[in-house]
Amino acid sequence: MALSRGLRCCQRIFSWIPVVIISSVVLWSYYAYVFELCFFTISNTLEKVTYILVFHVCFVMFCWTYWKAIFTPPATPSKKFHMSYTDKERYEMEERPDAQKQILFDIAKRLPIFTRAASGAIRFCDRCQVLKPDRCHHCSVCETCVLKMDHHCPWVNNCVGYSNYKYFLLFLTYSSVYCVFIASTVFRYFLKFWMGELPNGPAKFHVLFLLFVSVMFFVSLEFLLGYHCWLVAKNRSTLEAFSSPVFQAGPDKNGFNVGMRRNLQQVFGEDRRLWFVPLFTSQGDGQYFPMPCLSYSESNNPLLANEEKWDDEEDEEEEQEEEQQRRGRGVSDEEDTDGPDDPSVTIEIDS
């Protein structure tokens with residue numbers, strides 16, 4: 001027990017190494033750009049002030065989004081997706097796999113669940129003892145189920161999911177802007193040092209590495225940013241891109257694609273003025289997501305989709321009870337209505 005705790009503690013410490021590396025590179029870039037380039041190399045005052053002001057805007061936005069991506073805890077399923085004590089006891093006492101699947105199926109009827117496991121069973125996490133909402137997955141690193149999990153990113157030491165996906169995208173965006181600004185403004189003075197127009201000194205090496213590091217990071221970031229922009233446009237997560245979500249009708253890679261505009265709004269919100277501000281504006285609760293053919297999904301999925309369907313079933317049960325009471329009093333449908341053509345006759349539909 002003590003050994004396992006020690007290993008977990010070491011794992012948590014080592015997991016911060018990528019974050020420390022990124023933070024160290026950023027802090028060095030701040031010193032190299034502001035002091036070595038702007039203060040000690042650039043002689044034009046207007047150019048110096050302009051570069052410093054724009055640099056600090058990019059630097060603040062980069063740090064803000066990086067902080068939010070790191071320290072925003074991943075969202076987890078609410079209590080209604082957890083097993084009750086009675087259901088948990090009944091599930092654990094049952095030894096037959098088919099009977100366990102049926103128990104999960106009965107519990108899921110009360111929840112807005114559409115997706116299934118590859119075998120067609122209800123997705124259930126044995127570690128968290130929770131029925132997984134749509135697009136929810138268990139992270140072995142964070143040791144919890146994460147809503148709309150995209151992936152676990154070592155560079156932010158956090159799970160990227162529903163609660164911080166917008167921050168992660170903005171972090172990639174402002175990182176690219178930060179690298180582009182540094183590379184474009186440093187390139188001119190890199191050429192001057194290269195051609196001998198400026199004297200050799202410590203600033204020469206800082207400028208050289210600023211250009212090299214910014215270009216290197218920009219190239220790697222552009223591939224990742226472009227990939228996630230494509231995922232947002234298609235309304236997919238990284239996990240769903242590799243393995244399509246499974247519905248009752250089968251796997252469907254476009255199961256949550258509701259059009260580019262609505263896909264963007266799900267992540268960034270409806271107010272476009274806040275799209276590039278690291279404030280939480282994502283739509284929904286991370287446990288239910290609209291689908292392009294909701295009526296089709298409801299009619300083909302025995303799992304209840306939303307509260308409207310629950311209300312419809314309750315109304316049907318009340319109507320059936322009233323009809324039984326009328327029949328018990330000996331009152332027929334024709335006597336209880338205005339005429340034989342009254343449209344209020346209850347129609348039972350097999351679900």
Side-chain angles (χ1 to χ4, degrees), residues 74-140 143-150 161-163 235-237 239-240 243-258 266 283-318 320 349-351:
T76 57
S78 62
K79 292 182 178 180
K80 69 178 181 179
F81 288 91
H82 288 259
M83 273 189 171
S84 64
Y85 178 80
T86 304
D87 292 332
K88 182 179 179 180
E89 188 178 43
R90 185 161 60 101
Y91 178 80
E92 292 178 347
M93 292 181 63
E94 185 58 63
E95 297 180 355
R96 296 172 298 171
D98 293 339
Q100 288 182 332
K101 290 181 180 180
Q102 186 60 40
I103 292 173
L104 294 178
F105 181 84
D106 294 337
I107 300 173
K109 286 183 177 180
R110 305 189 296 267
L111 299 171
I113 298 177
F114 282 101
T115 55
R116 300 224 184 152
S119 62
I122 304 300
R123 300 192 311 129
F124 178 72
C125 180
D126 291 319
R127 295 184 179 182
C128 300
Q129 292 292 299
V130 62
L131 276 73
K132 295 181 182 179
D134 293 344
R135 316 184 82 174
C136 175
H137 298 275
H138 185 87
C139 177
S140 58
E143 297 181 349
T144 187
C145 286
V146 179
L147 296 179
K148 195 189 176 185
M149 179 178 173
D150 188 88
Y162 169 75
S163 61
N235 204 343
R236 299 176 195 168
S237 65
L239 295 177
E240 292 167 352
S243 179
S244 301
V246 179
F247 301 87
Q248 185 181 2
D252 186 3
K253 62 182 180 180
N254 293 315
F256 296 103
N257 188 353
V258 291
Q266 282 189 24
Q283 293 180 339
D285 59 1
Q287 300 177 127
Y288 169 77
F289 298 89
M291 286 174 278
C293 300
L294 186 60
S295 59
Y296 172 82
S297 300
E298 288 180 343
S299 62
N300 286 274
N301 195 328
L303 304 181
L304 300 184
N306 48 38
E307 296 180 357
E308 293 180 2
K309 187 162 185 176
W310 304 338
D311 296 337
D312 292 341
E313 289 195 349
E314 292 177 357
D315 294 339
E316 289 181 2
E317 292 178 357
E318 292 178 358
Q320 291 176 1
I349 301 176
D350 294 334
S351 60

> Listed by chain and number, what are the side chain to side chain donor-acceptor pair (under 3.5 Å) partners of Ser244, not counting sequence neighbours?
Replying inline: none
> Listed by chain and number, what are the side-chain contact (heavy atoms from CB on, under 4.5 Å) partners of Val130, not counting sequence neighbours?
Replying inline: Pro77, Phe81, His82, Cys125, Cys128, Cys145
> Quick one: side chain to side chain donor-acceptor pair (under 3.5 Å) partners of Asn235, sequence neighbours excluded?
Replying inline: Arg135, Asn263, Gln266
> Taking only residues two or more places apart in sequence, or in another chain, which ones meet Glu94 in a side chain to side chain donor-acceptor pair (under 3.5 Å)?
Replying inline: Arg96
> Mind checking what makes side-chain contact (heavy atoms from CB on, under 4.5 Å) contact with Thr76, not counting sequence neighbours?
Replying inline: Thr144
>> Under the rule for side-chain contact (heavy atoms from CB on, under 4.5 Å), what residues qualify as partners of Ser119, not counting sequence neighbours?
In response: Ala117, Ala121
> Between Phe114 and Tyr288, how do the two ring planes meet: parallel, tilted or perpendicular, split at 30° and 60°?
Replying inline: tilted
> Who pairs with Glu92 by side chain to side chain donor-acceptor pair (under 3.5 Å), at least two apart in sequence or on another chain?
Replying inline: none
>> Can you list everything that forms a salt bridge (charged side-chain N to carboxylate O under 4.0 Å, His left out) with Arg127? Sequence neighbours excluded, please.
In response: none
>> What I'd like to find out is whether the side chain of Asp106 reaches to under 4.5 Å of the side chain of Lys109, using heavy atoms alone.
In response: yes
>> Run the salt bridge (charged side-chain N to carboxylate O under 4.0 Å, His left out) test against Asp87 and tell me which residues pass, sequence neighbours left out.
In response: Arg90, Arg110
> Who passes side-chain contact (heavy atoms from CB on, under 4.5 Å) against Pro74, sequence neighbours left out?
Replying inline: Val146, Asn158, Cys159
>> Do Gln102 and Asp98 pair up side chain to side chain, a donor and an acceptor below 3.5 Å, judged on atom types alone?
In response: no
> Is there side-chain contact between Phe289 and Lys148, with at least one heavy-atom pair below 4.5 Å?
Replying inline: yes
> Hey, does Phe256 have a side-chain heavy atom less than 4.5 Å from the side chain of Met291?
Replying inline: yes
